Amino acid sequence: MINFDLAKIKALAFDIDGVLSTNIVRMENDGAGLMRTANIKDGYALQLAVKCGLQLAIVTGGNSEAIRNRYEQLGVQHIFQRAAVKINVFRDWCAQIEVQPQDVLYMGDDIPDFEVMKECGLPVCPADAAAEIKAIATYVSHLPGGCGCVRDVIEQVLKAQNHWMSSARAFGW
């Protein structure tokens, strides 16, 4: 369980590779086509969080139409790709949606996520995150990246905010 007042979380942001996708990437023969996995239970939780009024963002250094298509279909409102310096994107996003960083849960798994995790209110990570990230995380999911760790944290937030299985919106896509 996350040791934090989850009722105050207003926004959630997630990295892709190593968080919403496994750390294993298959490259096509030409090296241009990266194949990523996506966990269906993570997807369910993301779309429910949107329906419950939370602001969601994807912040990734990657760039792919598949990423944009997947997370737009789930209702994720803000998708930031090619985020070379994630802290700048994070600060701009918080200003745009008028949310204080202390009211944001951010899940990252590696060094590019470090600065955001130091600034957000609730830094969390998957079980297989880098040691430096685990050291600053308030919560380390029992699940590795791409295997339901996003569902783990969203479910805890929605339960704390009395949105988990509390209305008809929980029972559909």
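Just so you know, these numbers use all the heavy atoms, side chains as well, and skip hydrogens, waters and symmetry mates. Being a predicted model, the structure only gives us computed values, none of them experimental. Residue numbers start at 1 and run along the sequence shown.
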List the residues meeting side chain to side chain donor-acceptor pair (under 3.5 Å) with Gln55, not counting sequence neighbours, and say none if there are none. His78
My understanding is that only residues two or more places apart in sequence, or in another chain, count here; which of them pass side chain to side chain donor-acceptor pair (under 3.5 Å) with Lys10? none
Gap between atom [atom2] of [Y] and atom [atom1] of [X] - 0.5 Å precision:
X	Y	atom1	atom2	result
Phe80	Trp93	CZ	CH2	7.5 Å
Ile16	Ile67	CD1	CD1	4.5 Å
Glu132	Cys125	CD	SG	11.0 Å
Gln161	Leu6	CD	CG	7.5 Å

Please report the closest heavy-atom contact between Asp17 and Asp109, naming both atoms and the distance. O-OD1, 3.1 Å
Quick check: closest heavy atoms across Leu158 and Leu54, and the distance to 0.1 Å? CD2-CD1, 3.8 Å
Is the number of heavy atoms from other residues, nucleotides or ligands under 6.0 Å of Lys134 NZ greater than 12? yes
Quick check: do [X] and [Y] have side-chain heavy atoms less than 4.5 Å from each other?
X	Y	result
Pro126	Val19	yes
Pro123	Thr138	yes
Leu74	Tyr44	no
Asn39	Arg151	no
Asp113	Tyr106	yes

Any donor-acceptor pair under 3.5 Å linking the side-chain atoms of Gln156 with those of Asp152? yes
